[in-house]
Each structure stands twice: as C-alpha cells, then as structure tokens.
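Just below is one structure, and these are the notes that go with it.
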Amino acid sequence: MKSAKTLKLKTIVALAILIRLLVMPFFFHPDLKTQYFHFQFLSQGVTNIYQYVYNHKSTLGNTDTFNYLPLTYFTFGSYYHLINFLHLPHLSSWLNDWGTYQNSYPNLPFYLLFLKLPYLFFDLLTGYFLFKIYKNKNIFLLWLFNPISIYLVYILGNFDILPVLLTVIAYYFLIKKNPLSFVVLGFAVALKLYPLMFLPFFLLHRPHKLQTIFTNIFLALLPVIITLIPFAYNSTFWTSFFSSGLTQKLIEIRLLNVPLFPVLYLILLYHYFKQQKFGISILYLFISFVTLINFHPQWLLWFLPFILPLYIQNKKIHLGLIILSILLFIYISLFNDQYLFWGHLTPIDPNFPNLISPHQIIFHFIGDNVHLAHSFLHLVFPLAYLCLIRPNESSK
Amino acid sequence: MNPQNKYFLIILELLFILVLFIILPSVFIMTRPGPESLDHNQLISVDLQHPITQIILPSQNGLNSVSLFLKNPALLNRQNFTLSLKDVDDHIVRQLNFNGYNVGDPNWLPFKFTPIPNSQNQQYLLTLFTTDPSINTISVYFNNQSNSVTYKTTYKSMGLISSFKTNINNQLRLFRQRDPLLTTTYLTLIIVLNLVVLL
C-alpha cells in the first residue's frame, strides 16, 4: 500500500482495471448466468418477466423465477440489448443452454467479461465517490485493491454493485445536505430492497425535522412506487418477489420467539440517533447482520463501502482485512454449492465443478455437523471483531 | 512505477496465469470425461434372454468408469445383474455385480474401477446381463439412430506428467477455439494496461 500511495492517479486506475480485467473473464458463478438468462428476454420484447417465466415455465431451459425488482430487469435487460449488437458468438445459445455441455463453450471467458463490464464502471465510480466523501486517497486505494470487493463483484459477479454505488452516492449527497440523496437511495431500493435498511439512518441524519423526514421518505419511495405501479396488481410478481427469502432470513433467529435482528437494528438506530456516528453504526449493523442472518456472501458488499474507511484510520487495517478475508473465505467454502469453490474456475476447465468441494470433504468426516461449523462461524465474525479488528471508534 | 515494482507486477501476473491455467487444473483435475453417448429415444429391457452390449472405444489411457443410464420403473426390480467389460480377446477386464435395488427411476449407474493403463484406442465390450428371472425388469436408455445405449465414461490421468500434458492440450484446444478477434482485443487491452502501469 505504501508504494501505491506514491503512484499517479492514472497508474492507480490502470492497475485497478488491469487486475479486474484479469479476474473478470476467468471466474464464474451461475447466478450471473441465471440473471442474464432472465434479462435477455427484454430484447425479445418481454416487459413482464414475472408473468412470462410463469407462463413459459415448461419450455424454458431454466425454471427459476425472477426474484428481482422491475428496475433491475429493465436496467440490465437494456445493457444486454446493447451488447447484443456486438454479436458475441453463441452468447445467446450459452445463456439458454442448461444441459450437460453448458460449461464447455470456448468463448465463455468473453461472455463473462462483457456481462461483468458494467460492474467495472460502477465499481470504479464507487471508489471515486468514497474518495469524494472521505477526502482520503487511502480509502480510494483500499476500495480498488481490497480482495473482498474484487471477489464479491467480479468472481461472484452479482449486480449488487449498482445499488451499492447508488447508496454511496446517496450518502455523498446526504453529507452535502442535498435532498437528491433520498431520490438516489430510492433508485437503489428500486433495484434491490436492501438499501431500505439504510434509509432510517439517512432519515435521522442531523439536522432533522419531522416535516423533512416525511418529505424524504416520500422522495425515497418515489422511484420504488413508480417502478412498481405497473406490476402492483400482478400476483405472479408478488409471488416471485417474495420467494427471494431475505425478509424471512431477517427474522429467522429468535430468542423467546422475538426476532433478534430487528431488535438489534432498532437499538443501533437509537444509538445512531444519539451519537450520529454513521460509519460505526453501519459497522455494528454489519456485525449484527453476519452474526444473526444466514447471509449469502454477496450481501457483504452492501456494508463494505461504509466500513472500509473505518480501518484506514488505524494501524490494524492489514490485520483486520486479512482476518475478514480469511473468515469470509472459510464461510464461503463451507456452503453446499459446487460453484462457490472449484466451480469458480469453470472458464479455465469445465471439469472443475466436478471436483470434491470443501463442504463435501467436511461433510464426509462430520456429516450434518458441517451446518454447525457454519453456524459457529457466525459467532466467530463478531468475536474476531471484538478481539482483533476493532477499528477506531472515535471516527464518524 | 519504480523498476523493482515493475518486476514484481510482471512476476505476479505470470504467477497468476501459471497457477490458474497450469498448476490448478494439472494438479486437481485428474479425472476427465471420455467418450459418451447421451441422446436417447427408446428404452430396452434387460432380462434373462436379452443381455445388452455396447462397444466402448476409449480415446485415452486410464479408463476408470463407465456409467449407464438405467430405469427401474417404480423401483420394483430386485434382480441381480452383472456389468462386465471385456477386451477384444473376450477376457473380462473389469466386472461389477449389482442389484436392481441400486437402480433408480431413472438414474446413472456408475461402474467405477481401477484405471486401465493402456486403454487408449482399445476396443472393449460392455455387457449388462442377469441370471435371475423376474417380471419387473430394468431398462437401458437407447438411441436407435446411433445404435448406442446411453453411457458416459471417464479416464484418470496416469500421474502428474500425464495430467499436465492433458491440461496443456486442453488449454491449447480452448485457446484455438476462442474467437480470434475477441482474443486479440482482450490481449491487446491487457498489454496496453500493462504498459500504462509500467511506463
């Protein structure tokens, strides 16, 4: 990192792009394919993807329902429509091929490169806005060169980086006291519901008046309402949307039948209301989230832009990030998903997904206790934080 | 960028390519798919009078499994079956005894065995037969156009050097099959970015 500090901006950005271009084509997760399998239908004129999937379930190669919001479909569907003009050889065949040879397309690395290309733009822009917010070059460097976000954005290849970028832009406007903040956050929510978690924190940012809070709630909900209106009376949309399971997961872990995460969330919100320390509050929210929710690794990206800057201000940054990366790697390896380990290397060799995964090895020795090991890791996250990687609490 | 860092970056990139394309596949992918016939359009029953045979012609040394796609309707069959692999001299090379109980409705029945070292281009006859009479039979999926039962094979690399060679051939084949324009554009982009960083 020290040597990176002395580099010119042009060199830093070029190096960041180089690393990403080396990773993007050669790592795969089928979620990217499933998402673009659905997004492709926009270029065929399908505007209600929920109904289309429901009506054509018997003839589609992939029978998964589309569980995302309409704006996500229209945004990435439009991008797919755009790259269609490039006529990438057999891209459409690959997206629709869910058979035995689906991983044997020689041009698979280029499909992945093009499908992940918007993420590169969103990712760099997130780094830029983090720099604008914290006015610290190290934060920009940390965002560009930390292995966690590179893994989450380019290996798992999920589109979450777009709502993440919008949440960061919204925070930038928030500290500039620009009401656009809530509109931008609203667009993030219209893409994926999770930024709703941040909305109360944004609303309680000082100075706050009751009237302003209501205006801001309206501004934040406006993009969501506008994009949902055409689907409001479509039962297939609501069924598909609620089968994503996040809402269920938020209330899964209970004590005396009281869901723990919502309770902790309210306590944290109160803490934020009193202290006005956004970064620390989001860090505690993150710790509560990874402890109390069976999260998918890609969800860690939601918190990352707000917790990384905390580590820049003390000397434990390297240790903290290394421990977090190792824990994340172990947590991911224990998932019963071939594509979360060897399967990532499918573009290198289509036989990688057939290799025995860490989950299978551990399952062989300890059977169903592998789930206990996974649950144990949920406790390790906060313990590791408390013992080793606690950042400077005085930072805002 | 100072010269020390330049070398470090180049070494890091080469190491990345070496690990990703050479070391990982060569060391970990020891079993690869061999000849197979996956399409089917009919079912053929296997009973006392009607054994099933299929010629297998492995393209590599180290043949270590042949899997058949079988159907045991309603899981009723409990007959004993034998699956044997014979060479051209009619010697049994490998054999598996199993029960109808092991066959699903339908599922792949894996016939895994110790790798046959010199299997490349040798002809083998796969035979599935039973000596038990039964009303409820099991069936084999068959394609009457290619005149082949539905089967798949795998072979195991005979040591690290053999695996290394197979992987290199595989990577070269994939590289040649890739779109030349996309490959050239991608490689040019990587080189240009390297130059921007290094110069």
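Residue numbering restarts at 1 for every chain, and letters A, B, ... go by the order of the sequence lines. Please read all numbers here as calculations on a predicted model, not as lab measurements.
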Review point. Got a second to check how far B/L195's CG is from A/L18's CG, nearest 0.5 Å?
Key: 10.5 Å

**Study point:** Contacts of residues 83-105 of chain A with chain B (heavy atom under 4.5 Å)
**Key:** A/L88, A/P89, A/T100, A/Y101

Side chain from CB out, backbone as N, CA, C, O: work out which of these in [X] comes under 4.5 Å of a heavy atom of chain B, or both, or neither.
{"X": "A/F110", "value": "side chain"}
{"X": "A/L355", "value": "side chain"}
{"X": "A/L345", "value": "side chain"}
{"X": "A/L113", "value": "side chain"}

How about [X]: does its [atom1] atom have over 12 heavy atoms from other parts shown lying under 6.0 Å from it?
{"X": "A/K132", "atom1": "NZ", "value": "no"}
{"X": "A/F121", "atom1": "CZ", "value": "no"}
{"X": "B/F129", "atom1": "CZ", "value": "yes"}
{"X": "B/Y101", "atom1": "OH", "value": "no"}
{"X": "A/K33", "atom1": "NZ", "value": "yes"}
{"X": "A/Y339", "atom1": "OH", "value": "yes"}

Review point. Using a heavy-atom distance cut-off of less than 4.5 Å, which residues of residues 173-194 of chain B contact chain A?
Key: B/L174, B/Q177, B/R178, B/D179, B/L182, B/T183, B/Y186, B/L189, B/I190, B/L193, B/N194

Point to revise | Proximity of residues 22-33 of chain B to chain A, residues having a non-hydrogen atom under 4.5 angstrom | key: B/L24, B/P25, B/F28, B/I29, B/R32, B/P33

**Study point:** By side chain to side chain donor-acceptor pair (under 3.5 Å) - contacts of B/N61 (at least two apart)
**Key:** none

**Study point:** Side-chain (B/Q171) to main-chain (A/I348) donor-acceptor, under 3.5 angstrom
**Key:** yes

**Study point:** Top contributor to chain B interface from A/V13, A/L108, A/D349 [non-hydrogen pairs under 4.5 Å]
**Key:** A/D349

